[in-house]
Undergrad: 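Have a look at this one before I ask anything.
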Amino acid sequence: MLKILGAVPGAALATSAPLGAAAQVLQEPSAAPAAPTAYQPKVFNPHEWKTIQVLCDLMIPADQHNDGAVEAGVPQFIDDWLNFKGGDLAAQIQGGLTWLDLESNRLFQNDFADSTAAEQKQILDRIAYPQKAAAGDASTVAFFNRLRDLVVSGYYTSRVGFKALPYLGNEPQSEWDGCPAPVLAKLGLDKKDQKL
Amino acid sequence: MPQMISSPQVYDTIIVGSGAGGGIVAYNLTKAGAKCLMLEAGSWYDAARDSKWLEWTYDAPHRGALNTEGPADYFSAVVGGWQVEGEPYRSAPGSDFMWFRSRMLGGRTNSWGRISLRNGPYDFKPYSRDEKGFDWPFTYEELAPYYDKAEELIGVFGSQEGIENLPDGKFLPPPAPRCYELLVQKACRGLQIPCVPSRLAILTKTLNGRPPCHYVSQCGRCCRLGSNFSSPVVLLDPALTTGNLEIRCDAMVREVLTGADGRATGVSYIDKKTRKEVQARGKVIVLAASSCETVRLLLNSRSPRFANGLANSSGLVGKYLMDTVMSDVTGHFPALMDLPPHNGDGVGGMHLYMPWWNCQRQQRHELPFSRGYHIEFGGGRQGMPMPGILGGSERFVGGGYGEDLKRNCQKLYGSFVGFHGRGEMIPNEESHCEIDSDLVDQWGIPTLKFHFKWGDEEIRMAAHMQQTFQEIVKTAGGEVIESYGPQEQWGISRGGQGIHEVGGARMGSDPKTSVLNEHCRAWDCKNLFVADGAPFVSLADKNPTLTIMALAWRTSEYIAAQVRKGEV
């Protein structure tokens with residue numbers, strides 16, 4: 001026999017307790033992300049790996065409310081993503097990391113990851129604002145846009161990022177109340193607009 | 001060991017395919033007492049066990065992304081896609097067709113959008129209305145009772161609207177709109193475009209022991225609790241309970257077998273696990289394998305009597321293949337930025353949509369195309385963020401990094417809405433499929449070659465979609481960030497991309513100009529029926545699944561009546 005409904009606890013079929021049923025099939029909370037040291041990079045060499053950590057921290061640092069990109073496991077996400085997606089993306093990112101070192105050594109006689117935070121920001125400020133950047137920096141601006149997208153993508157699909165965003169869904173509800181009043185007010189919509 | 005196994009049992013009915021159409025036939029015929037054998041080319045699927053409902057991105061490989069072409073992600077209840085390993089197909093030179101195959105129990109009903117719209121009176125008589133395409137062999141009124149039955153069984157929410165050519169149905173109450181949907185609805189009001197509750201096969205109240213929705217927006221993962229419609233939960237489970245249904249999965253049917261008298265005697269299939277041929281015998285054969293697989297089966301069922309394939313004396317098997325006309329626009333809405341935090345999930349689909357509103361203008365020849373489209377839209381804070389979220393954010397917030405970037409991302413979250421046109425294609429001579437004599441699948445079964453071409457009407461419809469959606473975005477105070485112009489044929493989709501491919505074995509009232517009669521019985525083979533999208537004579541803008549179910553219901557009642565009368 002097909003166990004489509006049968007495998008769900010009996011309460012699932014009771015009209016009075018739909019939320020309880022959902023709670024029963026909810027996954028156990030998974031373990032916290034593995035510590036960064038436990039991860040073996042598949043794409044980055046040790047120097048690149050160190051640089052990526054620094055960049056992730058610069059891109060989305062921890063603040064008073066939430067952990068940052070490093071604590072959220074974004075370096076691991078990026079390494080895995082480049083390995084998984086294949087194609088030219090890894091070259092674009094690794095090439096960009098090399099440029100950061102070239103530029104950092106030219107200016108500060110130090111690799112990017114070993115420079116001071118102020119020195120690092122001086123270099124990033126040159127490529128992080130596409131509308132203000134020099135035309136000659138187009139390819140490094142493109143690198144930084146890609147890197148920013150990867151960090152944002154990894155951060156806001158992580159447990160930490162969902163809290164920061166905040167993404168308040170994936171929570172089974174017994175009723176759906178529609179758009180909450182504070183949002184309606186901000187949108188300039190009144191009760192009449194919510195009425196179907 | 002012999003390489004062919006022939007089972008001695010003769011089933012009352014053999015049903016090929018376990019999706020919407022096959023499920024309805026099994027549901028009805030097993031209840032009527034018929035011993036049925038269902039053959040499914042894919043694997044067993046049990047949503048209560050296999051669904052990825054409520055799983056988080058950060059617990060999934062690659063945060064839930066897949067590397068395959070297709071609409072699915074890791075969480076989707078999809079086995080199959082436009083590319084299936086070991087099952088190739090080709091498009092003829094100059095054509096570009098994408099053939100979606102589902103390889104799981106229940107087929108696409110596990111992951112579909114649940115959009116359940118009735119065809120209207122005009123949709124069954126399009127030729128009579130504008131002298132293009134073809135009429136169906138019956139009217140809306142004849143199919144209406146079967147829409148009623150299907151809706152009452154599967155559970156569809158919606159609202160009574162009385163809109164021209166959009167018949168109302170037996171609806172459960174619709175869910176309240178999301179925030180971004182209200183913003184768009186207000187703009188539509190100004191443009192006099194109707195924006196009304198959508199009609200989805202998702203429960204908002206308990207129905208036949210199935211609990212109502214939990215509003216986590218994950219219907220595409222298939223609900224573990226059966227709160228949305230899928231064939232295994234709603235149709236096959238009760239059919240199995242009768243004791244009259246046997247389901248064999250991993251059974252890739254290669255041909256329908258016929259006797260000397262021209263009647264179907266059974267089917268031959270490959271048991272994928274052993275790679276051996278098995279023959280099953282039945283008194284009635286129902287093909288519900290999905291439109292193009294059904295066409296392929298008919299064309300591959302050759303015999304001296306049926307040299308061009310079974311049921312093909314008209315030469316029309318494979319002809320008049322159709323798919324939904326699609327074109328998209330994406331808008332960014334500053335009003336949706338920096339909203340108070342809220343849960344925007346809702347059901348696994350849109351709460352509102354825009355049905356076609358220009359029937360009267362078309363009747364007066366005021367538009368450069370003859371058929372309608374509806375608008376589906378989605379975005380805002382609906383659904384779990386997936387990889388790629390806020391991609392290209394520099395375009396909206398000027399780039400940057402650090403705390404500013406984080407603040408900007410959080411402001412930007414939920415401020416994008418996509419508009420998706422879904423329009424009617426007029427069937428044409430240049431869109432069809434045939435057996436590719438030079439290509440087989442890994443089971444040795446000759447596969448299909450596709451020819452597909454949009455007509456000028458479809459291109460003009462896509463242009464109208466682009467203009468309309470851009471107007472809606474601007475009226476709602478948004479900025480159009482993705483749109484298409486004439487160089488891109490107004491962003492019209494590729495054939496098959498809509499996953500609404502229908503036609504290929506059309507029904508009609510004349511054996512010379514149709515493959516099936518008005519009951520979806522093959523003119524050339526008395527005990528052979530089709531119960532998927534292949535019998536469609538036209539493809540209205542309405543998503544086809546509900547009509548497949550209503551049609552299959554009507555067909556199965558006819559089969560039961562014919563069996564009682566001893567006619568088959």
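Residue numbers start from 1 in every chain, and the chains themselves are labelled A, B, ... in the order their sequence lines are given, proteins ahead of strands. The structure presented is a predicted model; accordingly, all values stated were derived computationally and were not measured.
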Undergrad: For the atom pair CD (B/Glu394) and CD (A/Gln131), what is the distance rounded to the nearest 0.5 Å?
TA: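 Spacing of CD (B/Glu394) from CD (A/Gln131) equals 9.0 Å.
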Undergrad: Between SG of A/Cys179 and NE2 of B/His342, what distance do you get to the nearest 0.5 Å?
TA: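 Answer rounded to 0.5 Å: 5.5 Å.
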Undergrad: Looking at B/Leu245, B/Asn67, B/Leu339, which has the largest count of heavy-atom pairs under 4.5 Å with chain A?
TA: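 The answer is B/Asn67.
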Undergrad: Can you pull out every salt bridge (charged side-chain N to carboxylate O under 4.0 Å, His left out) where at least one residue sits in residues 54-68 of chain A? Sequence neighbours excluded, please.
TA: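 Salt bridge (charged side-chain N to carboxylate O under 4.0 Å, His left out) check on residues 54-68 of chain A returns A/Asp63-B/Lys406.
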Undergrad: What part of B/Gln218 gets closer than 4.5 Å to chain A, counting heavy atoms only: side chain, backbone, both or neither?
TA: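 Contact with chain A: side chain only.
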Undergrad: For chain B, find which of A/Pro166, A/Ala185, A/Pro182 contributes the most heavy-atom pairs closer than 4.5 angstrom.
TA: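 The residue among A/Pro166, A/Ala185, A/Pro182 with the greatest pair count is A/Pro166.
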Undergrad: For A/Lys132, which residues count as a side chain to side chain contact (heavy atoms under 4.5 Å, CB included) partner, sequence neighbours excluded?
TA: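 With sequence neighbours excluded, A/Lys132 shows a side chain to side chain contact (heavy atoms under 4.5 Å, CB included) to A/Tyr129, given in chain and number order.
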Undergrad: Counting heavy-atom pairs under 4.5 Å to chain A, which of B/Ser393, B/Gly344, B/Ala65 comes out on top?
TA: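 Most heavy-atom pairs within the cutoff with chain A belong to B/Ala65.
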Undergrad: With a cut-off of 6.0 Å (strictly less than), are more than 12 heavy atoms of other residues, nucleotides or ligands near CG of A/Asp88?
TA: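 Check fails, neighbour count at 12 or below.
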Undergrad: Looking at A/Gly188 and B/Lys186, what are the two nearest heavy atoms and their distance?
TA: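 Smallest interatomic distance, heavy atoms only, reads O-NZ, 3.7 Å.
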Undergrad: Of all heavy-atom pairs between B/Leu182 and A/Leu189, which one has the smallest distance, and what is that distance?
TA: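 Closest heavy-atom pair between B/Leu182 and A/Leu189: CB-CD1, 3.6 Å.
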Undergrad: Checking heavy atoms, do the side chain of B/Met384, its backbone, both or neither come under 4.5 Å from chain A?
TA: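 Backbone plus side chain of B/Met384, per the 4.5 Å heavy-atom cut-off to chain A.
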Undergrad: What's the shortest heavy-atom distance between A/Phe84 and B/Leu66, and which atoms?
TA: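 Where A/Phe84 meets B/Leu66 most closely, the heavy atoms are CZ-C, 3.6 Å.
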Undergrad: With sequence neighbours left out, write down each residue that passes side chain to side chain contact (heavy atoms under 4.5 Å, CB included) with B/Leu203, or none if nothing qualifies.
TA: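 With sequence neighbours excluded, B/Leu203 shows a side chain to side chain contact (heavy atoms under 4.5 Å, CB included) to B/Leu172, B/Leu207, B/Arg210, given in chain and number order.
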Undergrad: With a 4.5 Å cut-off on heavy-atom pairs, point out which of B/Asp404, B/Thr204, B/Asp345 contacts chain A the most.
TA: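 Top option by heavy-atom pairs under 4.5 Å: B/Asp345.
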Undergrad: Sort B/Asp338 into side chain, backbone, both or neither according to what part of it lies under 4.5 angstrom from a heavy atom of chain A.
TA: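 Contact with chain A: backbone and side chain both.
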Undergrad: Identify which of B/His351, B/Met386, B/Arg178 forms the greatest number of heavy-atom pairs closer than 4.5 Å to chain A.
TA: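 Most heavy-atom pairs within the cutoff with chain A belong to B/His351.
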Undergrad: For the side chain of B/Thr57 and the backbone of A/Thr157, is there at least one donor-acceptor N/O pair under 3.5 Å apart?
TA: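 Yes: the side chain of B/Thr57 pairs with the backbone of A/Thr157.
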Undergrad: Are B/Leu405 and A/Val152 packed together at the side-chain level, in the sense that at least one heavy-atom pair is separated by less than 4.5 angstrom?
TA: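 With C-beta onward as the side chain, the pair touches.
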Undergrad: How about A/Ser153 and B/Pro385: do any of their side-chain heavy atoms sit closer than 4.5 Å?
TA: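 Heavy-atom side-chain distance check fails, nothing below 4.5 Å.
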Undergrad: Grab the two heavy atoms, one from B/Tyr215 and one from A/Gln173, that are nearest each other, plus how far apart they are.
TA: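 Shortest heavy-atom contact: CD1-O, 3.9 Å.
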Undergrad: Quick check on B/Glu246: does its CD atom have over 12 non-hydrogen neighbours (other residues, nucleotides or ligands) under 6.0 Å away?
TA: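 Yes, because the 6.0 Å sphere around CD of B/Glu246 holds more than 12 heavy atoms from other groups.
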Undergrad: Using a 4.5 angstrom heavy-atom cutoff, name the option from A/Asp80, A/Leu168, A/Leu187 with the most pairs to chain B.
TA: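 The option with the most such pairs is A/Leu168.
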Undergrad: Hey, does B/Cys179 have a side-chain heavy atom less than 4.5 Å from the side chain of A/Leu184?
TA: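 Not in contact.
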Undergrad: Any side-chain to backbone donor/acceptor pair from A/Asp149 onto B/Gly392? Under 3.5 Å, distance only.
TA: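 Present.
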Undergrad: What option among A/Gly154, A/Ala69, A/Ser158 has the most heavy-atom pairs under 4.5 Å with chain B?
TA: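 Looking at each of A/Gly154, A/Ala69, A/Ser158 in turn, A/Ser158 comes out on top.
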Undergrad: Does any N or O in the side chain of A/Trp176 come within less than 3.5 Å of the main-chain N or O of B/Val347, such that one atom is a donor and the other an acceptor?
TA: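 The answer is no, because no donor-acceptor pair under 3.5 Å joins these two groups.
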Undergrad: Under a 4.5 Å cutoff for heavy-atom pairs, which residue among B/Pro340, B/Gly477, B/Cys195 has the most contacts with chain A?
TA: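 Heavy-atom pairs under 4.5 Å are most numerous for B/Pro340.
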Undergrad: Do you know which of A/Arg148, A/Lys85, A/Lys186 has the most heavy-atom pairs with chain B at a distance under 4.5 angstrom?
TA: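 Of the candidates given, the most pairs with chain B belong to A/Arg148.
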Undergrad: Pick one of side chain, backbone, both or neither for A/Ala164, based on which atoms fall under 4.5 Å of a heavy atom in chain B.
TA: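 Both parts, backbone and side chain.
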Undergrad: Taking the inter-plane angle between the rings of A/Phe162 and B/Trp56 on a 0 to 90° scale, is it parallel (under 30°), tilted (30 to 60°) or perpendicular (over 60°)?
TA: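 Tilted: the ring planes of A/Phe162 and B/Trp56 meet at 30° to 60°.
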Undergrad: Can you pull out the residues in residues 107-126 of chain A with any heavy atom less than 4.5 Å from chain B?
TA: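 Heavy-atom contacts from residues 107-126 of chain A to chain B are A/Lys121, A/Leu124, A/Asp125.
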Undergrad: Report the distance from atom OH of B/Tyr401 to atom CE of A/Met59, rounding to the nearest 0.5 Å.
TA: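 Rounded to the nearest 0.5 Å, the OH-CE separation comes to 9.5 Å.
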Undergrad: Indicate the atoms forming the closest heavy-atom contact of B/Gly398 with A/Pro130, along with that distance.
TA: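 Taking every non-hydrogen atom into account, O-CD, 3.4 Å.
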Undergrad: Between B/Gly391, B/Ser159, B/Pro387, B/Cys213, which residue shows the highest count of heavy-atom pairs closer than 4.5 Å to chain A?
TA: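 Sorted descending by pairs with chain A, the first entry is B/Pro387.
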Undergrad: How far apart are the closest heavy atoms of A/Gly73 and B/Arg63, and which atoms are they?
TA: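 Closest pair (atom of A/Gly73, atom of B/Arg63, distance): O-NH2, 4.1 Å.
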Undergrad: Drop me the distance from B/Tyr413's OH to A/Tyr156's OH, to the nearest 0.5 angstrom.
TA: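 Here the interatomic distance stands at 11.0 Å.
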Undergrad: Out of curiosity, B/Ile389 CD1 to A/Leu165 CG, how far, rounded to the nearest 0.5 Å?
TA: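 Reported value, rounded in 0.5 Å steps: 5.0 Å.
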